[in-house]
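Beneath this line is the structure, given in structure tokens, with notes to follow.
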Amino acid sequence: MSLRVYNTLTGEKETFVPLVPGKAGMYVCGVTVYDYCHIGHARANVVFDVIFRYLKYIGYDVTYVRNYTDIDDKIINRANQEGVDYRVITERFIQAFDEDMARLGLDKPTVEPKATDHIDGIIAIIEALIAKGHAYASDGDVYYAVETFPEYLKLSKRNLEEMQAGARVEVGEKKKNPMDFALWKGSKPGEPWWQSPWGQGRPGWHIECSAMSMRFLGETFDFHGGGKDLIFPHHENEIAQSEAANGCAFVRYWLHNGFVNINSEKMSKSLGNFFTIREVLERFDPETLRFFILSAHYRSPIDFSDQNLSEAQAGLERIYACLAAMDTVIWENPAALVELSPEVLSPAGIDLLEKSSQMLARFKEAMDDDFNSALTIGIVFEVVRCANRFMAEIQPGNKAAITLLHRVRVEIAELGEVLGLFHSKPAKWLEKQQQEKTSGLEITAEEIEALIVERSEARKAKNFSRGDEIRDYLLAKGIQLLDSAQGTTWKAK
RNA sequence: GGCGGCGUAGCCAAGUGGUAAGGCAGAGGUCUGCAAAACCUUUAUUCAGCGGUUCAAAUCCGCUCGCCGCCUCCA
């Protein structure tokens with residue numbers, strides 16, 4: 001089986017054939033660093049993190065480039081609002097981005113370039129475009145002449161005439177065609193600037209990605225990704241710039257992730273219905289957010305809501321509860337591994353052996369089919385069910401059982417490593433969820449413990465009505481009692 | 001107006017020609033003084049509707065209805 005990916009450019013799933021055998025080059029549009037990241041950024045970055053990990057997992061030597069766009073109108077506006085240098089803004093939000101991504105468990109890309117470190121490369125591309133007649137200088141600005149690139153709009157599959165007809169684009173008098181876009185903008189007084197053949201100015205949006213991808217991945221490379229909303233104009237303009245300047249194909253496979261919706265509506269800054277990653281992580285575990293994102297296919301829209309996040313949390317808890325149970329069995333007998341054969345296993349054991357031996361192959365098949373992480377998670381749940389059934393019937397010290405569980409545990413960890421999931425210590429993770437649920441309660445642990453003692457004594461005296469009264473009282477406060485042979489414990493509901 | 005996508009059980013969600021994964025919730029069971037928790041089992045003759053192609057369609061084609069996105073900064 002080989003990897004097949006949905007290519008926005010062709011609108012079809014295609015077999016991935018790397019430009020250089022054994023290697024894969026991948027560029028993903030990072031963020032413009034003028035504000036905190038929202039959960040849409042979380043989705044895009046998690047999705048491409050998993051793609052990065054999977055490409056490595058199946059043996060590619062991957063160069064993953066994810067940029068910071070650290071010069072832009074929005075950054076300048078924010079700096080002006082606060083009355084600070086633009087670099088104060090960019091440094092603050094680069095740091096915030098790094099923190100957010102680390103909390104979500106992302107691997108570091110191979111390179112994380114900043115636009116302002118590549119002004120020379122940007123100027124070189126603009127000069128090449130002017131020399132080839134694809135761009136023109138106009139009163140301190142430089143514009144790309146879209147009509148000179150016949151394939152313009154091939155990614156978004158539109159046509160210029162229609163775009164112009166319904167264009168809400170401001171017709172700048174500096175532009176020859178309203179659809180032309182800025183490669184270089186002359187700076188106004190007080191704005192950051194770099195020296196260029198066209199005077200003092202700064203790069204337009206789009207050109208930085210052409211420059212940085214070329215610098216680190218070459219004129220042609222394998223994957224370019226980003227959110228669906230970048231298809232037009234950002235990626236369309238990158239294609240126009242890079243292909244016109246270099247005279248060769250730019251990107252071989254275009255990958256775009258779907259949106260995060262809030263109540264089935266697109267989340268966006270202009271609608272004001274967005275949540276930052278930090279806001280969400282105050283209420284939900286980072287791994288829960290990651291699990292939620294990966295439980296849908298990356299191209300589908302996902303609906304963000306408390307209910308959906310809570311369901312994801314419940315699902316992840318189920319998996320961790322199973323892993324915790326497996327760990328308990330395994331660590332009790334660390335050196336008990338034996339040769340496995342179906343003869344020494346119960347029917348449930350044979351079932352689990354079979355399921356687990358297929359798991360990694362099914363995982364690979366799912367991920368090979370356009371990175372189907374949702375199907376992968378379904379496969380994990382199937383194994384969890386089998387493992388639970390098996391664990392319910394095994395006897396302590398059964399070496400074949402321990403060996404089998406050990407094997408399953410290792411395989412789930414291997415798969416989890418690619419998804420960036422299940423890497424926490426299960427017992428600890430579960431305990432942490434419990435603590436967080438407890439923290440918002442209006443009753444103290446001491447009060448609860450005292451009532452538990454009272455209830456235990458009542459029950460010993462066969463005064464069940466008093467015992468049940470206490471139980472119901474605590475339940476109303478959100479405390480669920482858990483009776484077991486070892487005594488009574490409690491958890492927040 | 002142009003272009004594109006989506007509509008699968010109460011909810012979330014895989015499945016792009018071979019007879020509906022998985023999760024949550026619900027129900028039943030084991031357990032329990034009764035519960036809870038945990039675990040087990042179970043839950044769509046059917047994939048928005050109507051036609052068509054095919055031996056075979058949730059999957060392909062056409063039409064209808066509904067929802068959404070892009071065309072402006074946006075992951």
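These numbers were taken from a predicted model, which means no experiment stands behind them. Just so we're on the same page: letters track the sequence lines, and every chain starts at 1.
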Results of ring pair (Phe, Tyr, Trp, His ring centres under 6.0 Å) for A/Phe216 - residues two or more places apart only = A/His118
So which protein N/O to nucleotides 25-34 of chain B N/O distances come out below 3.5 Å?
| residue | atom | partner | partner atom | Å |
| --- | --- | --- | --- | --- |
| B/G33 | N7 | A/Arg459 | NH2 | 3.3 |
| B/G33 | O6 | A/Arg459 | NE | 2.8 |
| B/G33 | N1 | A/Asp468 | OD1 | 3.0 |
| B/G33 | N2 | A/Asp468 | OD2 | 2.8 |
| B/C34 | O2 | A/Arg471 | NH1 | 2.9 |
| B/C34 | O2 | A/Arg471 | NH2 | 3.2 |
| B/C34 | N3 | A/Arg471 | NH1 | 2.6 |

Could you pull out all residues at least two apart from A/Asn77 that satisfy side-chain contact (heavy atoms from CB on, under 4.5 Å)?
-> none
Name the nucleic acid region contacted by A/Leu230, choosing base, sugar-phosphate or nothing; use a 4.0 angstrom heavy-atom cut-off, strictly under.
-> sugar-phosphate
Separation of B/A37 P from A/Glu317 CD (nearest whole Å) = 13 Å
Taking C-beta and beyond as the side chain, do A/Phe284 and A/Asp306 meet within less than 4.5 Å on heavy atoms?
-> yes
Near RNA chain B, which residues from residues 37-51 of chain A have a heavy atom under 4.0 Å away?
-> A/His38, A/Gly40, A/His41, A/Ala44
From CD1 of A/Ile231 across to C1' of B/U72 the rounded distance in Å is 16 Å
Between the side chains of A/His235 and A/His206, is a donor N or O closer than 3.5 angstrom to an acceptor N or O?
-> no
A/Lys428 atom NZ, neighbour heavy-atom count above 12 within 6.0 Å | no
Closer to the 5' end of RNA chain B via nearest nucleotide, is it A/Ala296 or A/Gly30?
-> A/Ala296
How far does the P atom of B/G4 sit from the matching atom of B/C61, given to the nearest Å?
-> 13 Å
Under 30°, 30 to 60°, or over 60°: which ring-plane class applies to A/Phe275 and A/Phe304, parallel, tilted or perpendicular?
-> tilted
Looking for any heavy atom pair under 4.0 Å, which part of the strands does A/Ser300 touch: base, sugar-phosphate only, or nothing?
-> sugar-phosphate
At under 4.0 Å between heavy atoms, what does A/Lys74 touch on the DNA or RNA strands: base, sugar-phosphate, or nothing?
-> sugar-phosphate
List every contact pair, protein side and nucleotides 2-6 of chain B side both N or O, where the distance is under 3.5 Å.
| residue | atom | partner | partner atom | Å |
| --- | --- | --- | --- | --- |
| B/G2 | O2' | A/Glu162 | OE1 | 2.4 |
| B/G2 | O2' | A/Glu162 | OE2 | 3.2 |
| B/G2 | N2 | A/Arg158 | NH1 | 3.3 |

Residue pair A/Asn372 / A/Tyr298, side-chain donor-acceptor N/O under 3.5 Å | no
Would you say the side chains of A/Glu317 and A/Trp429 form a donor-acceptor pair under 3.5 Å?
-> no
The side-chain contact (heavy atoms from CB on, under 4.5 Å) partners of A/Ser242 (sequence neighbours excluded) come to A/Ser210, A/Asn246, A/Phe250
What nucleotide among B/G22, B/A36, B/C73 has an atom nearest to a side-chain atom of A/Leu482?
-> B/A36
Can you figure out which of B/C70, B/A36, B/A14 approaches the side chain of A/His297 most closely?
-> B/A14
Kindly write out the residues that satisfy side-chain contact (heavy atoms from CB on, under 4.5 Å) with A/Thr116, not counting sequence neighbours, or none if the list is empty.
-> A/Asp70, A/Ile71, A/Tyr86, A/Lys114, A/Trp194
Hey, does A/Gly11 reach any base, or is it just sugar-phosphate, or nothing, if we go heavy atoms under 4.0 Å?
-> nothing
Take A/Ala392 and A/Gly258, find for each the nucleotide of RNA chain B with the closest heavy atom, and name the residue whose nucleotide sits nearer the 5' end.
-> A/Ala392
So which of residues 371-379 of chain A are in contact with RNA chain B, with a heavy-atom cut-off of under 4.0 Å?
-> A/Asn372, A/Ala374, A/Leu375, A/Gly378
Distance, P atom - from B/G10 to B/C70, rounded to whole angstrom | 30 Å
Span that lies between the C1' atom of B/A58 and that of B/A9, in whole angstrom = 14 Å
Would you call the rings of A/Phe149 and A/Tyr144 parallel, tilted or perpendicular if under 30° counts as parallel and over 60° as perpendicular?
-> perpendicular
Return the set of residues passing ring pair (Phe, Tyr, Trp, His ring centres under 6.0 Å) with A/Tyr64 (not counting sequence neighbours), or none when no residue passes.
-> A/Phe52
Ignoring the backbone of A/Asn308, work out which of B/G22, B/C39, B/C12 is nearest its side chain.
-> B/C12
Distance-only donor-acceptor check, side chains A/Tyr143 and A/Asn177, under 3.5 Å = no
Mind checking the C1' distance from B/C40 to B/A44? Whole angstroms is fine.
-> 22 Å
Rounded to whole angstrom units, what separation is found between the CD1 atom of A/Ile302 and the C1' atom of B/G23?
-> 15 Å
Reckon A/Val380 touches a base, only the sugar-phosphate, or nothing at all at heavy-atom distances under 4.0 Å?
-> nothing
Spacing of the P atoms in B/U72 and B/C3 (rounded, Å) | 16 Å
Got a sec: does the OH of A/Tyr473 have more than 12 other heavy atoms crowding it under 6.0 Å?
-> no
Against the side chain of A/Arg389, the closest entry in B/A75, B/C40, B/A36 is B/C40
Do A/Ser310 and A/Asn308 have side-chain N/O donor and acceptor atoms under 3.5 Å apart?
-> no
Just need the stems in RNA chain B: three or more back-to-back Watson-Crick or G-U pairs, each with both distances under 3.5 angstrom, sorted by first number.
-> B:1-7 with B:65-71, B:10-12 with B:22-24, B:26-30 with B:38-42, B:48-52 with B:60-64
Using the P atom as the reference point in each nucleotide, state the distance between B/G29 and B/A48 in Å, no decimals.
-> 35 Å
In whole angstrom, give me the gap between the C1' atoms of B/U54 and B/G66.
-> 29 Å
A/Arg103 vs A/Asp98, side chain to side chain contact (heavy atoms under 4.5 Å, CB included): CA-CA, chis, key distance, verdict | CA-CA 9 Å; A/Arg103 290 185 72 191; A/Asp98 289 348; over 6 Å; no
Just call it for A/Met267: base, sugar-phosphate, or nothing, with non-hydrogen atoms closer than 4.0 Å on any strand.
-> base
Atom OH of A/Tyr298 and atom P of B/A14 are separated, to the nearest Å, by 13 Å
Please give, in whole Å, the distance from B/G22 P to A/Phe363 CZ?
-> 19 Å
Which of these nucleotides, B/G23, B/C73, B/A36, is closest to any side-chain atom of A/Arg318?
-> B/G23
A/Glu469-A/Ser465 side chain donor-acceptor pair, cut-off 3.5 Å = no
side-chain contact (heavy atoms from CB on, under 4.5 Å) involving A/Val31 - partner list, sequence neighbours excluded = A/Val33, A/Cys37, A/His41, A/Phe97
At under 4.0 Å, does any side-chain N or O of A/Arg385 touch on OP1 or OP2 of B/C40?
-> no
Interatomic distance at C1', B/G7 relative to B/A13, whole Å | 14 Å
Under the salt bridge (Lys or Arg N to Asp or Glu O under 4.0 Å) rule, what pairs show up with a residue in residues 288-305 of chain A, not counting sequence neighbours?
-> A/Asp49-A/Arg290, A/Arg299-A/Asp370
